[in-house]
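Okay, so here's the structure we're looking at.
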Amino acid sequence: MALNQLNQRRLETFKRNRRGYWSFWIFAILFVLSIGAELIANDKPILVNYDNKLFYPIFKVYPETTFNGEFDAEADYTDPYIQDLINEKGSIVWAPVRFSHDTIDFELSGSAPTPPSKTHWFGTDDQGRDVFARVIYGFRISVLFGLLLTFLSSVIGVAAGAVQGYFGGMLDLMAQRFIEIWQGLPVLYLLIIMASVIKPSFWSLLFLMTLFGWTALVGVVRAEFLRARNFEYVRAAKALGVNDATIMWRHTLPNAMVATVTFMPFILSGSVTTLTALDFLGLGLPPGSPSLGELLKQGRDNLHAPWLGLTAFFVLSVMLSLLVFAGEAVRDAIDPRKTFNQSAAA
């Protein structure tokens, strides 16, 4: 689909920011790779060719009897006995890393945590699990959580700020007082209470953080709508009988998007660090879940294994830096002052 002239200028402005442009592509590649984490790090084979039939253990559970074993339970592909049975009549295609995020290596050369080696590229944690595998799965969970939280918070915050700024008056006054009270609630204490009542999970944490994080963009959007509602074209639209929803969507919301997009990279980065902090404090994902915060906690508890804390630190640093750099490029591309000034100079 061809882009109109305005979007072409925005795309050109985005590409001119080399740091942000390449940060976007590097982050996109890392995120796509993490989506297919099961194909990179897994203790189950990607493909099994047995007796001229193809099996896909990473997608489907097969009992031992499928490969002429003795039990009806799921086959343990790490067992040399099962591997010998398969190799007698076929072959196995493994992932590059033969450990999943919850695989415990019982054949370590020393006591866990062990340092990086040819078998475990980033070493193992204090439970004998591969750190590289947990980083890949933890990266995926962190980014997905951050994207979902940013999207939901932005939608609610933009809608609330738009209604306040456009209509103003008593509605704006009452909503502002409510937001001030809502922002004053001790979120950490509420999370501690909720963690003792319900079992923390990805979706429960997302719901709770959205419940308290939607106010981030309200002030910015409200200010833009308060300013834009007095513009001549908005008054002209009202005089022509255009309904309020259409005016807000087509005429005033685009003015607020520049300020909104400016803050979104920081909201996304804050969402990732929020999940990391909760996992570090033990209030985040259930125990055993792959998490960068849990890896940081292990680094603190095992100072004699510096690779644990350093791995989590570098992964978080690179992730957040790429997000911020890409967000700055998107912000500049949407800003009409930079878009048209650079186009005129060219």
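FYI, side chains are in, hydrogens and waters are out, and symmetry mates aren't considered; it's all heavy atoms of this structure.
Of the possible donor and acceptor atoms, none in the side chain of T66 sits under 3.5 Å from a partner among the backbone N and O of Y62. Within the 3.5 Å criterion, the main-chain N or O of G165 finds no donor-acceptor partner in the side chain of R222. Between the side chain of D125 and the main chain of R129, a donor-acceptor pair closer than 3.5 Å is present. Of the possible polar contacts, one joining the D130 side chain to the F132 backbone as a donor-acceptor pair under 3.5 Å is found. Judged purely by atom type and a 3.5 angstrom limit, S289 has no side-chain atom pairing as donor or acceptor with the backbone of L285. Checked by atom type and distance alone, the side chain of E64 never pairs as donor or acceptor with a backbone atom of D76 at under 3.5 Å.
Taken to the nearest 0.5 Å, the CD1 atom of I26 stands 11.0 Å off from the OG atom of S321. Separation of atoms CG (L295) and CD (Q298) is listed at 6.5 Å; rounding is to 0.5 Å. If you take CZ on R134 and CD1 on I141, they are separated by 9.0 Å, rounding to the nearest 0.5 Å. Taking CZ from F55 and CD1 from I86, the interatomic distance works out to 9.0 Å, rounded to the nearest 0.5 Å. Atoms CG and CG, from L211 and L152 in turn, are 11.5 Å apart once rounded to the nearest 0.5 Å. We find the CZ-CG distance between R229 and D244 to be 11.5 Å, quoted to the nearest 0.5 Å.
Between F59 and Y56, the ring planes lie tilted relative to each other; the angle falls in the 30° to 60° range. By the 30° and 60° cut-offs, the orientation of the rings of Y166 relative to F225 is perpendicular. Between Y233 and F231, the ring planes are tilted. Angles from 30° to 60° get that label. The aromatic rings of F27 and F139 lie tilted to each other, with the angle between the two planes from 30° to 60°.
Hydrophobic clustering (side-chain heavy atoms under 4.5 Å, transitive across Ile, Leu, Val, Met, Phe, Trp, Tyr) groups L206 together with I156. Note on F31: it does not cluster hydrophobically with Y137, by side-chain heavy-atom contacts below 4.5 Å among ILVMFWY residues. Connection of L185 to L208 is established within a shared hydrophobic cluster, with ILVMFWY side chains joined at heavy-atom distances below 4.5 Å, either directly or through further cluster members. Linking Ile, Leu, Val, Met, Phe, Trp and Tyr whenever their side-chain heavy atoms come within less than 4.5 Å puts L144 and F151 in one cluster. By the rule that hydrophobic residues join a cluster once side-chain heavy atoms approach within less than 4.5 Å of another member, L147 and F145 end up as members of one cluster.
By the 4.0 Å N-to-carboxylate-O rule, K297 lies too far from E294 to be salt-bridged with it. Salt bridge annotation for R98-D43: absent, with no cationic side-chain nitrogen under 4.0 angstrom from a carboxylate oxygen. The residues E74 and K60 are annotated as not salt-bridged, no charged nitrogen and carboxylate oxygen being separated by less than 4.0 angstrom. Checked for salt-bridge contact, R19 and E328 meet the test: a charged N lies under 4.0 Å from a carboxylate O. Electrostatic pairing of E38 and R140 counts as a salt bridge here, judged by a charged N lying under 4.0 Å from a carboxylate O. Taking 4.0 Å as the cut-off between side-chain N and carboxylate O, E12 and K15 do not count as a salt-bridged pair.
When T124, D105, D126, T119 are each tested for a side chain to side chain donor-acceptor pair (under 3.5 Å) with T114, only one passes: T124.
Within 6.0 Å of atom CZ in F313, 12 or fewer heavy atoms from other residues, nucleotides or ligands are found, so the atom counts as exposed in its surroundings. Other residues, nucleotides and ligands contribute only 12 or fewer heavy atoms inside 6.0 Å of the CD atom of E107. At most 12 heavy atoms of other shown residues, nucleotides or ligands fall within 6.0 angstrom of atom CZ in F263.
For the pair I179/W214, a side-chain contact is recorded, criterion being any heavy-atom separation below 4.5 Å from C-beta on. The shortest distance between side-chain heavy atoms of W94 and I46 does not fall below 4.5 Å. Considering only heavy atoms from C-beta on, T103 comes within 4.5 Å of S100 through its side chain. Considering only heavy atoms from C-beta on, L308 comes within 4.5 Å of P113 through its side chain. Looking only at side-chain heavy atoms (C-beta outward), M264 and T150 come within less than 4.5 Å of each other. Proximity of W203 to L148: side-chain heavy atoms (C-beta onward) are separated by under 4.5 Å at one or more points. Q164 is not listed as a side-chain neighbour of L171, based on a closest heavy-atom distance of 4.5 Å or more. Side-chain contact between Y50 and N68: present, with at least one pair of heavy atoms (C-beta onward) separated by less than 4.5 Å.
In summary, the side chains of T273 and T276 do not present any donor paired with an acceptor at a separation below 3.5 Å, with no hydrogens or angles considered. Using a 3.5 Å distance cut-off with no hydrogens or angles, the side chains of N243 and T246 do pair a donor with an acceptor.
Between L39 and A95, the shortest heavy-atom contact is O-CB, 3.6 Å. Across every non-hydrogen atom of S142 and L292, the tightest pair is OG-CD1, 3.9 Å. The shortest heavy-atom contact between D279 and G293 is CB-CA, 3.9 Å. Between G128 and A112 the shortest heavy-atom distance is N-CB, 3.7 Å. Q183 approaches T215 most closely through the heavy-atom pair NE2-OG1, 3.2 Å. Nearest heavy-atom pair, P286 versus S201, reported as atom, atom and distance to 0.1 Å: CD-CA, 4.1 Å.
Checked against a 6.0 Å centroid threshold, the rings of H120 and F99 count as neighbours. Residues W182 and F212 bring their aromatic ring centres within 6.0 Å.
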Walk me through whether F167 and M248 qualify under side chain to side chain contact (heavy atoms under 4.5 Å, CB included). CA-CA 10 Å; F167 293 104; M248 293 171 65; 4.1 Å; yes

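R300 forms a cation-pi arrangement with F280, by the criterion of a distance under 6.0 Å to the ring centre and an angle within 45° of the ring axis.
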